[in-house]
Number of protein chains: 2
Amino acid sequence: MKINEAINLLKDKGYKTTGRRKDILAYFDEADGYRTAKDLISYLEETYDGISFDTIYRNLHLYNDVGILESTELNGEKHFRMNCTHHHHHHFICNDCGKTKEIEVCPMDEVQQALANYSIEDHKFEIYGLCPMCKHA
Amino acid sequence: MKINEAINLLKDKGYKTTGRRKDILAYFDEADGYRTAKDLISYLEETYDGISFDTIYRNLHLYNDVGILESTELNGEKHFRMNCTHHHHHHFICNDCGKTKEIEVCPMDEVQQALANYSIEDHKFEIYGLCPMCKHA
DNA sequence: TATCATAACGTAATGATTACGATTTGTAAA
DNA sequence: TTTACAAATCGTAATCATTACGTTATGATA
């Protein structure tokens with residue numbers, strides 16, 4: 001999702017446009033991969049002297065809820081990245097830099113049949129390793 | 001993995017067979033699904049008066065390392081279940097009772113090609129929802 | 001520019017997990 | 001069987017990510 005798109009989405013939903021919020025969007029726009037709350041705090045501390053956990057987590061949850069960000073759990077820590085809204089897909093995630101590559105394969109079609117009497121609510125398919133850049137570093 | 005198998009594996013590796021360790025195995029053998037450290041503590045407290053976090057987590061890690069248990073992260077908490085050693089497969093996991101169903105489909109073959117220059121180290125494919133039992137409860 | 005609800009601050013609380021010194025207990029050798 | 005000792009457990013404190021909250025600041029609307 002693009003920054004302007006996200007800002008308009010927030011406005012439409014009645015949320016205020018603050019400096020923190022714009023900077024958080026800028027961070028994830030630039031990051032192009034999964035980042036933690038701690039990563040975000042480090043970044044914002046360059047600009048602001050004193051960032052509250054409240055601000056960090058409230059906005060991460062907000063962005064996640066309205067679909068600006070998507071999240072996953074890696075090594076016991078929540079990680080966030082800009083949401084790819086265009087179509088359903090999965091991700092390769094680099095263990096080193098957190099950057100992602102879209103994977104078009106989704107095995108759910110095949111799986112549905114095997115779970116006839118089950119109620120499927122969600123699924124997760126992620127591939128972990130090193131991206132070409134980190135592999136040769 | 002069966003309990004006796006696990007105990008022999010521990011002996012072979014030079015680990016001692018203690019009451020706690022046997023009871024932990026019994027718990028996961030009976031559980032037949034994903035359980036948290038807290039779940040395990042509740043169970044062990046019925047038998048022992050005073051179970052140390054040290055004992056819980058040390059043994060969970062040990063069992064996970066030697067392949068007696070396998071683990072996944074659900075709602076920010078590590079969950080463990082008896083390891084299925086026989087062949088590669090994935091799991092449907094019930095959001096209610098934690099019980100699992102094996103899924104034979106694995107999409108990795110298809111994915112390899114799309115990640116030619118990447119180093120693949122691991123992958124995760126899990127399906128979440130309600131099992132037939134919990135669905136009708 | 002005044003108003004007011006929302007956002008942010010600073011900090012304390014929570015919950016899972018890890019760490020550690022003291023004590024207990026399997027195990028293997030005497 | 002007893003002894004010896006490393007490994008296992010205990011009790012509790014520390015850590016780390018996240019959540020909660022009373023107070024203060026600020027964006028948006030009139």
Side-chain angles (χ1 to χ4, degrees), chain A residues 3-4 6-27 34-66 68-69 71-81 98, chain B residues 6-27 34-66 68-69 71-81 98:
Chain A
I3 294 183
N4 285 337
I7 291 179
N8 287 333
L9 178 60
L10 290 175
K11 278 187 182 151
D12 287 353
K13 299 218 171 204
Y15 294 105
K16 293 181 182 171
T17 306
T18 69
R20 303 333 185 244
R21 284 192 171 150
K22 281 189 277 191
D23 286 354
I24 292 173
L25 290 174
Y27 177 68
Y34 277 106
R35 298 288 179 266
T36 65
K38 190 144 46 90
D39 294 333
L40 176 57
I41 290 172
S42 301
Y43 172 78
L44 290 176
E45 277 175 345
E46 292 173 13
T47 308
Y48 304 92
D49 62 330
I51 276 286
S52 175
F53 290 137
D54 195 283
T55 303
I56 298 292
Y57 287 104
R58 185 167 24 75
N59 285 316
L60 285 176
H61 288 161
L62 171 64
Y63 286 5
N64 197 57
D65 290 347
V66 302
I68 292 173
L69 296 179
S71 71
T72 193
E73 193 116 11
L74 304 170
N75 316 313
E77 243 182 304
K78 280 189 194 100
H79 286 61
F80 301 84
R81 55 157 288 142
Chain B
I7 290 179
N8 287 332
L9 179 60
L10 289 175
K11 278 187 183 152
D12 287 353
K13 299 220 172 205
Y15 294 105
K16 294 179 181 170
T17 307
T18 69
R20 316 301 193 265
R21 287 194 170 146
K22 281 188 277 190
D23 286 354
I24 293 173
L25 289 174
Y27 176 67
Y34 277 106
R35 298 288 180 265
T36 65
K38 190 143 47 86
D39 293 334
L40 177 58
I41 290 172
S42 299
Y43 171 79
L44 290 176
E45 277 175 344
E46 291 174 13
T47 308
Y48 303 91
D49 62 330
I51 275 287
S52 175
F53 289 137
D54 196 283
T55 302
I56 298 292
Y57 287 103
R58 186 168 23 75
N59 286 317
L60 285 176
H61 289 162
L62 171 63
Y63 286 6
N64 197 58
D65 290 347
V66 302
I68 292 172
L69 296 179
S71 71
T72 193
E73 193 116 12
L74 303 170
N75 317 312
E77 242 181 308
K78 279 188 195 100
H79 286 62
F80 300 84
R81 56 155 288 142

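Reminder, nothing fancy here: chain letters follow the sequence lines and each chain counts from 1. Just so it is clear, the structure is predicted and the values come from calculations on it, not from any experiment.
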Exercise. If only side-chain N and O atoms of A:N59 are considered, is one of them under 4.0 Å from the OP1 or OP2 phosphate oxygen of C:dA8?
Worked result: yes
For this session: Output yes when at least one side-chain N/O atom of B:R58 is less than 4.0 Å from OP1 or OP2 of D:dA8, else no.
Result: no
Exercise. Atom CG of A:L60 and atom P of C:dA8: how far apart are they, to the nearest Å?
Worked result: 12 Å
Problem set entry | Close side-chain approach of A:L40 and A:I51, heavy atoms under 4.5 Å | no
Problem set entry | Taking every non-hydrogen atom, the tightest pair across A:I56 and A:A37 | CG2-CB, 4.0 Å
For this session: Determine, for nucleotides 17-30 of chain D in 5'-to-3' order, which nucleotides have protein heavy atoms under 4.0 Å from the base (write B), from only the sugar-phosphate (write S), or from neither (write -).
Result: SBBBB-----BS--
For this session: Evaluate the side-chain proximity of B:T55 to B:L44: yes if any heavy-atom separation is below 4.5 Å, no if none is.
Result: no
Problem set entry | Atom pair distance, as rounded to whole Å: CG in A:L44 and P in C:dA7 | 16 Å
Exercise. What's the CD1-C1' distance between A:I24 and C:dA8, to the nearest Å?
Worked result: 11 Å
Exercise. Between A:A26 and A:I3, what is the shortest heavy-atom contact and its length?
Worked result: CA-CD1, 3.8 Å
For this session: Enumerate the residue pairs fulfilling ring pair (Phe, Tyr, Trp, His ring centres under 6.0 Å) with a member in residues 34-53 of chain B, sequence neighbours excluded, ordered by first and then second residue.
Result: B:Y27-B:Y43
Seminar exercise, completed: Between its two end axes (five pairs each) the helix from C:dT1-D:dA30 to C:dA30-D:dT1 turns, nearest 10 degrees, through 30°
Please list every donor-acceptor pair under 3.5 Å in which a side-chain atom of residues 73-80 of chain A meets a protein atom from a residue at least two apart or in another chain.
{"unit_1": "A:H79", "atom_1": "ND1", "unit_2": "A:E77", "atom_2": "O", "d": "2.8"}

For this session: Mind calculating the distance between CD (A:E45) and C1' (C:dC9) to the nearest angstrom?
Result: 13 Å
Problem set entry | Any donor-acceptor N or O pair under 3.5 Å, side chains B:D39, B:S42 | no
Problem set entry | Sequence neighbours excluded - salt bridge (Lys or Arg N to Asp or Glu O under 4.0 Å) pairs with any residue from residues 41-58 of chain B | B:D54-B:R58
Exercise. To the nearest angstrom, how far is B:L10 atom CG from C:dG26 atom C1'?
Worked result: 13 Å
For this session: Mind calculating the distance between OH (A:Y63) and P (C:dA7) to the nearest angstrom?
Result: 10 Å
Exercise. Whole-Å distance between C:dG15 C1' and B:I41 CD1?
Worked result: 12 Å
Exercise. Counting only side-chain N and O atoms of B:R20, is one of them less than 4.0 Å from OP1 or OP2 of D:dA8?
Worked result: no
Problem set entry | Listed once per pair and sorted, the side-chain hydrogen bond (donor to acceptor under 3.5 Å, both in side chains) pairs that draw on residues 8-22 of chain B, sequence neighbours left out | B:R21-B:N59
For this session: Round to a whole Å and report the spacing from CG of B:D49 to C1' of D:dT9.
Result: 13 Å
